[in-house]
Amino acid sequence: MADAKANLNYTVSYVLTKPGADPQPYLWRHGVNEEGIEMEQLDQLNGPGREVVRMGEKVSYFESHRAPYSLASGYIIGPMPNVLLTEPKSLLSSYDFVIIGKSRISGKVAQQIRMISKDKSRYGYNLWLDQQTGLPLKINVMDLNGQKVEQIQVTALNVTEQPDPYFAKLQSATMPAVIQLVPTKDAEKLWQVDYIPVGMKQVKHSVRQLPDNAGSLEYLMLSDGLVDISIYMQQATASSAESDIVARFGSDIYFSRKQGAVLVTVIGKIPANTANSIATSVTRVQ
Amino acid sequence: MTHKHENLSAFVDGENQDENFVSDILNDDEMAAKWQRYHIIRQSMRKEMPISADFDVSASIAAALESEPAILAPKRTWRDLPVISNVVPLVRSGGQLAIAASVAVAVVVGVQQLNQDEQQVFNPAPASYPGIQGGLSPVSLEQTQVTPAVSVRDHQRRINAFINDHMEQVLLKDSQRYLEDESALVDEVKSEANQPEVSQERENLPE
């Protein structure tokens with residue numbers, strides 16, 4: 001699967017469905033040029049459009065409401081979970097993989113694979129991969145009760161000999177400059193998260209400030225490569241705006257809870273139960 | 001079984017049964033209970049019911065009480081937290097990094113508070129707000145719990161700020177990798193400039 005994702009020339013159309021929102025169609029193209037550089041494009045087809053282009057390790061964003069810009073990154077962050085396509089083996093510590101069988105998806109023979117979170121702390125995945133190329137044809141994200149949380153349905157998958165002509169145009173075009181990020185200094189830890197779901201590790205730690213939020217927040221990101229969880233910790237105040245709340249946006253959860261003297265906010269594509277376990281495990285560093 | 005019941009009925013009506021019948025009833029709880037009920041039925045039919053009929057319900061009440069779950073002080077779990085069914089955060093254009101194509105458009109459109117007399121529905125986002133696709137559809141923000149009169153807009157702004165930051169962090173996650181290679185160098189520059197330790201990422205992103 002990883003080989004196919006990186007080495008083939010293909011064009012994929014797919015539709016992303018999330019609860020409470022209209023299905024969104026996407027066009028995803030991938031090509032490798034003569035120098036062996038990977039080129040990738042992800043285009044949101046409805047509305048004013050949002051286009052993301054990757055050339056090697058430079059990802060450029062073209063959006064309707066701001067100037068184009070680029071980031072140094074090895075992949076496009078889109079509905080297709082990149083890690084699943086490039087390094088599925090890295091998920092073995094977090095998920096159990098079960099081969100279900102064959103079926104027909106998007107007119108192709110598909111191999112169905114099920115991914116189950118080892119400690120039931122994350123959503124499960126149902127994957128249907130193209131028998132020939134290993135590229136995904138359908139991805140269902142299921143909660144622990146088997147309810148669909150998110151779905152990607154491929155409507156067309158074309159593998160070609162040559163990269164799409166679109167990429168020839170790109171190579172001559174100049175891309176916006178890469179934004180230089182200032183590295184964050186590792187700040188002193190005031191709080192710690194004692195519960196970390198199986199297979200997840202801390203990938204970020206910083207002290208941040210947010211608009212509409214007085215004071216600084218301690219920020220932690222946990223990730224298993226597939227699911228990213230943001231954890232914000234701040235001194236709780238009497239302010240009523242900080243009252244506890246669970247919200248759902250698309251397939252992500254927003255979970256805010258006062259835990260003694262600390263207000264913990266957890267955001268990510270995880271069940272509310274897991275967000276609660278994380279929030280309640282926050283303790284002050286002694 | 002039916003035969004036994006018929007015999008019991010006959011016995012209550014004064015017809016003799018064989019010798020073992022009485023001891024059989026004594027050894028059979030079900031039959032004993034029936035025997036009691038038949039007598040009550042017989043008495044009521046003959047209008048011989050005592051003034052306070054002793055329907056012995058104490059045993060069943062005791063049993064019911066025993067199986068009743070103990071009522072404890074309510075324990076606050078996350079399920080008691082107010083739930084906002086569907087928040088669609090606003091895409092902020094100023095000072096915030098654009099959201100990756102994957103991330104759905106985000107606007108909190110409507111708000112309902114059950115504990116208010118009139119339902120409050122408003123639309124904080126202008127319909128022509130850039131970056132919103134497919135128009136706005138009313139989305140409910142239901143609060144299932146009585147909360148202090150918090151400005152709902154405050155909530156929304158706060159939630160939006162968090163969600164936007166989360167998306168930004170996810171977007172920048174992989175870029176961090178490239179940054180770490182040169183971090184030593186940039187760190188020096190940074191300390192010379194004597195910058196505060198708060199993350200400066202946002203200020204470097206296009207407005």
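In what follows, chains carry the letters A, B, and so on, assigned in the order in which the sequence lines appear, proteins first and then strands, with residues in each chain numbered from 1.
- Interatomic distance, CD1 of A:I245 versus CZ of B:F162, reported as 11.5 Å (0.5 Å rounding).
- To the nearest 0.5 Å, atom CG of residue A:D228 and atom NE2 of residue B:H166 are 6.5 Å apart.
- More than 12 heavy atoms of other residues, nucleotides or ligands shown are found within 6.0 angstrom of NZ on A:K189.
- The candidate from A:I229, A:N82, A:T265, A:T280 with the greatest count of non-hydrogen atom pairs under 4.5 Å with chain B is A:T265.
- Shortest non-hydrogen contact noted between B:V170 and A:M221 is N-CE, 3.7 Å.
- Distance CG/B:L172 to CD1/A:I77: 8.0 Å, rounded to 0.5 Å.
- Proximity to chain B is limited to the side chain of A:S223, based on heavy atoms less than 4.5 angstrom apart.
- Heavy atoms of other residues, nucleotides or ligands lying less than 6.0 angstrom from NZ of A:K148 number 12 at most.
- In this structure, the side chains of A:F249 and B:I159 stay at 4.5 Å or more apart for every pair of heavy atoms.
- A:Y219 touches chain B through its side chain: at least one heavy atom from C-beta onward sits under 4.5 Å away, while N, CA, C and O do not.
- The NZ atom of A:K204 lies 4.0 Å from the CD atom of B:Q169; values are rounded to the nearest 0.5 Å.
- The part of A:D252 that comes within reach of chain B is its side chain, from C-beta onward, which places non-hydrogen atoms under 4.5 angstrom from that chain.
- For A:W191, the CH2 atom counts as densely surrounded, since its 6.0 Å shell holds more than 12 non-hydrogen atoms of other residues, nucleotides or ligands.
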